[in-house]
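Below: one structure, written as structure tokens.
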Amino acid sequence: MRIASALKVPAVPAIIELARAIGTFAQSDGDYQTAIPALSLHRRQGPTDPLHCIFNLGLGVVAQGHKQALVGSEVIEYGPGQSMLTTIELPVVSHVTSASAQ
């Protein structure tokens with residue numbers, strides 16, 4: 001079952017600005033810690049392989065591209081301006097489904 005479809009999310013100025021701001025800190029692929037405790041930035045310039053991981057307590061916001069998380073048999077898709085809030089440790093299979101260097 002698909003929880004949400006992020007394939008038709010319009011770009012809005014705030015999300016475009018967020019992507020630009022992230023790009024100033026995360027200039028290449030990788031995971032970046034910030035001076036703000038528990039705030040990290042993640043950049044991928046292409047789709048990634050599915051990865052088994054644990055989503056910890058937090059809020060993930062997509063600035064560009066699209067991401068997918070498989071939680072049990074539920075497929076959750078989200079894209080620019082959409083987010084995922086986790087309030088418990090959640091085992092997932094997660095990956096970037098759409099990304100580019102632009």
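By the rule that hydrophobic residues join a cluster once side-chain heavy atoms approach within less than 4.5 Å of another member, V96 and L70 end up as members of separate clusters. One hydrophobic cluster holds both L85 and V61 under the rule that ILVMFWY side chains link at heavy-atom gaps under 4.5 Å. Hydrophobic clustering places L59 together with Y32 (ILVMFWY residues linked when any side-chain heavy atoms are closer than 4.5 Å, directly or through intermediates).
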*asked:* What verdict does the side chain to side chain contact (heavy atoms under 4.5 Å, CB included) test give for K67 and S94, after you've listed the backbone C-alpha separation in whole Å, the side-chain angles of each residue and the deciding distance to 0.1 Å?
replied: CA-CA 7 Å; K67 190 169 187 173; S94 176; 3.0 Å; yes
*Begin from the C-alpha positions of V92 and I54 and carry the test side chain to side chain contact (heavy atoms under 4.5 Å, CB included) through to its verdict.*
CA-CA 6 Å; V92 300; I54 302 288; over 6 Å; no
*With side chain to side chain contact (heavy atoms under 4.5 Å, CB included) as the test, would you mind laying out the steps for Q68 and H66 before giving the verdict?*
CA-CA 7 Å; Q68 184 180 83; H66 294 90; over 6 Å; no
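When atom types are taken as modelled, the side chain of R44 and the backbone of G30 share a donor-acceptor pair closer than 3.5 angstrom. With hydrogens and angles ignored, the 3.5 Å screen pairs a side-chain donor or acceptor of Q82 with a backbone N or O of G79. For the pair T34 (side chain) and L39 (backbone), a donor-acceptor distance under 3.5 Å is present.
With sequence neighbours left out, the side chain to side chain donor-acceptor pair (under 3.5 Å) criterion links S40 to H42.
The closest side-chain heavy-atom distance from M84 to I76 is below 4.5 Å. Looking at heavy atoms from C-beta onward, T86 lies out of side-chain contact with N56 at the 4.5 angstrom threshold. Two residues are said to be in side-chain contact when any heavy atoms from C-beta on lie closer than 4.5 Å; I88 and L57 fail this criterion.
The minimum heavy-atom distance between P80 and G65, with the atom names listed, is CD-O, 3.0 Å.
Residue E89 holds its CD atom at 13.0 Å from CZ of F55, rounded to the nearest 0.5 Å. Here the straight-line distance linking atom CG of D29 with atom CZ of R43 works out to 7.0 Å at 0.5 Å rounding.
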For residues 12-27, tabulate all N or O donor-acceptor pairs below 3.5 Å that involve a side-chain atom, not counting sequence neighbours.
residue : atom : partner : partner atom : Å
E17     : OE2  : R20     : NH1          : 2.9
T24     : OG1  : A21     : O            : 2.6
Q27     : NE2  : T24     : O            : 3.1

